[in-house]
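These notes are about the structure you will find just below.
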There are 2 protein chains.
Amino acid sequence: MTEGQAELVRRQPTLDTVAAEAGVSRATASRVINGSPRVSPEVKRAVQDAIARVGYVPNRAARTLVRRRTDSVALVIREPNATVLADPYLANIIVATSDELIGTGVQLVLVNARNDDEHERVADYVRGGHVDGVLLASMHGDDPLPGMLLAAGVPTVVGGRPPRRIPGLCYVDVDNLGGAQLATEHLLGAGRKRIATIAGPADMTAAADRLDGFGRALTEAGLTADRVVHGEFTHESGELAMTTLLDRHPDLDGVFAANDLMAAGALRVLRASGRRVPDDVAVVGFDDIDLARHTEPALTTVHQPVIHQARLMTELLLTQISGEPGGDPVVLPTQLVRRDSA
Amino acid sequence: MTEGQAELVRRQPTLDTVAAEAGVSRATASRVINGSPRVSPEVKRAVQDAIARVGYVPNRAARTLVRRRTDSVALVIREPNATVLADPYLANIIVATSDELIGTGVQLVLVNARNDDEHERVADYVRGGHVDGVLLASMHGDDPLPGMLLAAGVPTVVGGRPPRRIPGLCYVDVDNLGGAQLATEHLLGAGRKRIATIAGPADMTAAADRLDGFGRALTEAGLTADRVVHGEFTHESGELAMTTLLDRHPDLDGVFAANDLMAAGALRVLRASGRRVPDDVAVVGFDDIDLARHTEPALTTVHQPVIHQARLMTELLLTQISGEPGGDPVVLPTQLVRRDSA
DNA sequence: TGACCGCGTGAGAGCGCTTCCATATAGTAC
DNA sequence: GTACTATATGGAAGCGCTCTCACGCGGTCA
């Protein structure tokens with residue numbers, strides 16, 4: 001190969017190159033590439049050979065321009081907290097989404113919109129026509145973004161239930177309420193009476209639903225759900241919350257933490273305080289991330305089907321993109337995973 | 001808003017719309033958008049007002065087509081193992097890269113090329129002109145991809161040292177050898193004499209370098225490095241490796257695990273075998289992921305500057321894209337973080 | 001034999017943008 | 001007043017592709 005000396009960047013072959021090489025028109029070459037049936041077998045062969053010979057790769061920008069289709073979707077993550085960002089829950093969402101897209105020819109554009117006020121930037125980006133659809137994850141509060149995208153007619157699927165009902169908006173949630181209720185009932189079933197919870201950030205529906213589930217289980221058991229402290233879904237905030245809880249209610253015998261990271265923090269504080277888990281205090285988490293198997297003792301927790309959720313979101317988005325209507329919200333079941341902490 | 005009934009999709013305003021609205025030519029409107037100095041202040045104002053009025057957003061595909069610049073880069077992850085994929089190390093790389101890109105106007109396309117033979121697909125994708133440059137992470141073996149990209153003249157930065165020296169290829173590595181040596185010396189310094197290692201996958205240079213560092217430290221202390229078992233950088237493989245190690249060398253008093261996940265697995269097996277850490281067996285890990293602070297006991301480990309690495313890779317890539325030459329390989333320092341396990 | 005049909009193919013318009021080149025206008029120097 | 005220059009603006013080409021439309025050809029039917 002003599003290309004080592006190439007100082008002028010050799011231009012990629014275009015469709016014209018292929019057409020000339022195959023002795024056909026550009027239109028015909030295009031037909032072959034796009035699998036049109038109205039091409040004679042000989043010509044098809046000739047074009048395919050030419051493509052291989054010149055090493056042709058279609059230019060996406062040109063194709064996008066005329067087709068008004070980018071064959072890529074955005075995964076927009078609205079998580080301001082860097083610790084949570086690096087948490088396996090989101091990593092799983094990212095990986096599962098990307099996995100689901102393999103083989104579809106659709107690319108994943110990762111948009112990290114951490115700041116609250118970035119919805120304008122994201123909306124502009126999407127309206128700029130760079131993606132065919134949007135997956136929204138880790139939403140906080142009443143984010144205007146889903147509404148904006150819906151209004152702009154952009155196919156959108158949200159991970160988790162938005163706080164406000166938005167007609168026509170498709171989302172995939174997991175049964176946070178039911179899962180939390182399960183967890184709390186498990187604690188009750190083990191004879192615990194003085195149960196507290198470390199709730200998640202109040203501006204996230206997943207956290208609110210888990211708190212509701214906790215409250216419902218206690219109420220149904222005739223108890224009052226008044227031992228509540230909020231954390232930030234991080235390990236550190238779990239430690240802090242547990243410390244506060246112990247301070248206020250030294251006699252507690254059960255804790256439901258709204259996620260595993262906080263549960264791990266709680267475990268640590270509990271141990272440091274001289275309490276044995278589960279003998280003195282039983283602990284249940286939520287998420288069932290990898291870490292849950294590695295804590296001491298291994299964490300009893302609520303499994304949420306993250307990968308399934310991500311796959312489903314992607315699937316629903318692709319359906320929407322292909323022109324079918326929005327699709328109804330979906331809520332996936334959760335289940336209790338019993339380990340050693342409760 | 002009466003747009004609810006819109007059955008014909010309202011087309012986004014184009015540059016022509018803006019030009020007409022502002023009473024100028026398309027060329028002038030374009031100049032304003034691209035910040036050309038040769039525009040009179042009044043016209044500039046008029047165009048900017050028009051843009052705001054019609055809600056214009058430039059079409060990226062059209063711009064890309066003529067500029068031959070996509071303003072996006074690919075982060076290609078070559079990790080076949082799903083567990084490792086979801087591991088915080090890679091999550092950090094993804095997040096840090098994406099963070100570094102904020103404000104540059106460059107988008108991140110995540111390409112998950114798990115299978116060994118996908119380099120062709122990725123290379124074609126890149127040659128299709130969909131990205132301006134490529135970041136490569138989690139490489140295994142002697143992957144042909146970097147060479148292919150380099151040959152195609154595509155700006156590329158690799159995370160970690162490739163096994164074979166490729167002239168002109170830019171990479172950012174961390175000092176795996178030095179870190180491993182530090183870890184092992186720490187074990188030696190604590191009086192340990194029968195030290196084993198749980199090495200990483202033999203096809204990754206990071207793993208090989210860590211094993212080398214381990215060997216070097218022992219050799220310099222006049223000991224032989226013959227207690228070696230390989231794992232897969234996962235928690236489970238760490239447990240397995242530790243079991244094997246204990247079986248072969250029941251008298252060992254120190255373990256260097258090539259990553260924290262495996263160290264956590266080792267800790268668990270050690271505890272199950274009735275050994276106390278660090279009293280009976282001291283353990284040092286590598287990576288300093290979040291988990292290292294949550295193990296029992298908290299893990300002494302080697303900190304590698306993942307976020308710094310990702311940021312630097314991104315920076316170097318953007319430099320390359322802007323036309324400057326490749327840039328030399330960089331090796332970032334690692335340091336020992338002392339906690340309770342050694 | 002002529003009218004008709006279906007199929008494979010090519011010509012060419014046009015997607016929305018940037019940018020070269022030409023032109024108009026105003027300003028300066030002689 | 002003329003000649004020249006600097007500056008703002010518009011016309012228009014063209015990036016690489018898809019797709020409509022028109023055309024030519026061979027076959028079928030009356």
Side-chain angles (χ1 to χ4, degrees), chain A residues 9-48 50-51 54-72 105 124-125 127-132, chain B residues 9-48 50-51 54-72 105 124-125 127-132:
Chain A
V9 182
R10 249 184 337 174
R11 278 274 238 288
Q12 282 290 323
T14 74
L15 196 51
D16 274 314
T17 321
V18 173
E21 179 79 16
V24 299
S25 75
R26 192 171 64 233
T28 301
S30 174
R31 282 188 197 101
V32 172
I33 288 161
N34 296 295
S36 158
R38 341 189 128 284
V39 185
S40 70
E42 313 87 71
V43 170
K44 189 170 172 185
R45 277 286 311 267
V47 173
Q48 283 169 340
I51 288 173
V54 302
Y56 171 75
V57 182
N59 179 309
R60 305 265 291 218
R63 181 175 274 180
T64 295
L65 188 56
V66 42
R67 284 219 207 146
R68 299 143 181 289
R69 240 258 204 188
T70 62
D71 287 326
S72 57
D124 273 357
Y125 173 71
R127 283 193 288 248
H130 208 199
V131 292
D132 299 330
Chain B
V9 181
R10 248 183 336 175
R11 279 273 239 286
Q12 281 289 323
T14 73
L15 197 51
D16 273 315
T17 321
V18 173
E21 178 79 17
V24 298
S25 76
R26 193 169 64 233
T28 302
S30 174
R31 282 186 198 103
V32 172
I33 287 160
N34 295 295
S36 157
R38 337 192 128 283
V39 185
S40 70
E42 314 87 70
V43 170
K44 187 171 173 185
R45 276 287 309 267
V47 172
Q48 283 169 340
I51 288 173
V54 303
Y56 171 75
V57 182
N59 178 309
R60 307 263 292 215
R63 181 175 276 178
T64 295
L65 188 56
V66 40
R67 285 218 202 142
R68 305 151 171 281
R69 239 257 203 190
T70 62
D71 288 326
S72 57
D124 272 356
Y125 174 72
R127 282 194 288 247
H130 208 199
V131 293
D132 299 330

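Reckoned from all heavy atoms, side chains included, excluding hydrogens, waters and symmetry mates. Per chain, numbering begins at 1; letters A, B, ... match sequence-line order.
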*asked:* What's A/Arg67 touching, base or sugar-phosphate or nothing? Going by heavy atoms closer than 4.0 Å.
replied: sugar-phosphate
*Could you tell me whether B/Arg68 contacts a base, only the sugar-phosphate backbone, or nothing, with contacts defined as non-hydrogen atoms closer than 4.0 Å?*
sugar-phosphate
Specify the separation, in whole Å, of atom [atom1] of [X] and atom [atom2] of [N].
X       : N      : atom1 : atom2 : result
B/Arg38 : C/dT19 : CZ    : P     : 14 Å
A/Asn59 : C/dC17 : CG    : P     : 17 Å
A/Leu15 : D/dC17 : CG    : C1'   : 7 Å
B/Asp16 : C/dT18 : CG    : C1'   : 13 Å

Reckon [X] has a side-chain N or O less than 4.0 Å from the OP1 or OP2 of [N]?
X       : N      : value
B/Asn34 : C/dT18 : yes
B/Ser30 : C/dT18 : yes
A/Thr14 : D/dG16 : no
A/Thr64 : D/dC17 : no
B/Ser40 : D/dA8  : no

Do [X] and [Y] come within less than 4.5 Å of each other through their side chains, counting heavy atoms only?
X       : Y        : value
A/Ile33 : A/Val18  : no
A/Arg63 : A/Leu15  : no
A/Asp71 : B/His130 : no

*Between A/Arg26 and B/Pro37, just flag the one whose closest nucleotide in DNA chain D comes earlier from the 5' side.*
B/Pro37
*Pick the nucleotide of DNA chain D nearest each of A/Pro58 and B/Val24; which residue has the one closer to the 5' end?*
B/Val24
*Using the criterion of both pairing distances under 3.5 Å for Watson-Crick and G-U wobble pairs, give all stems of 3 or more consecutive pairs involving DNA chain D.*
C:1-30 with D:1-30
*For the pair A/Val24 and A/Arg31, evaluate side chain to side chain contact (heavy atoms under 4.5 Å, CB included) and give the outcome as yes or no after the intermediate values.*
CA-CA 11 Å; A/Val24 299; A/Arg31 282 188 197 101; over 6 Å; no
Taking the minimum atom-to-atom distance to the side chain of [X], which one of [options] wins?
X       : options                : result
B/Thr28 : C/dC17, D/dG10, D/dC17 : D/dG10
B/Leu65 : D/dG10, C/dG16, C/dG14 : C/dG16
B/Arg63 : C/dC17, D/dA12, D/dT18 : C/dC17

*What about B/Arg60: does its side chain form a donor-acceptor pair under 3.5 Å with the base of C/dG16?*
no
*Got a sec: does the CZ of B/Arg45 have more than 12 other heavy atoms crowding it under 6.0 Å?*
no
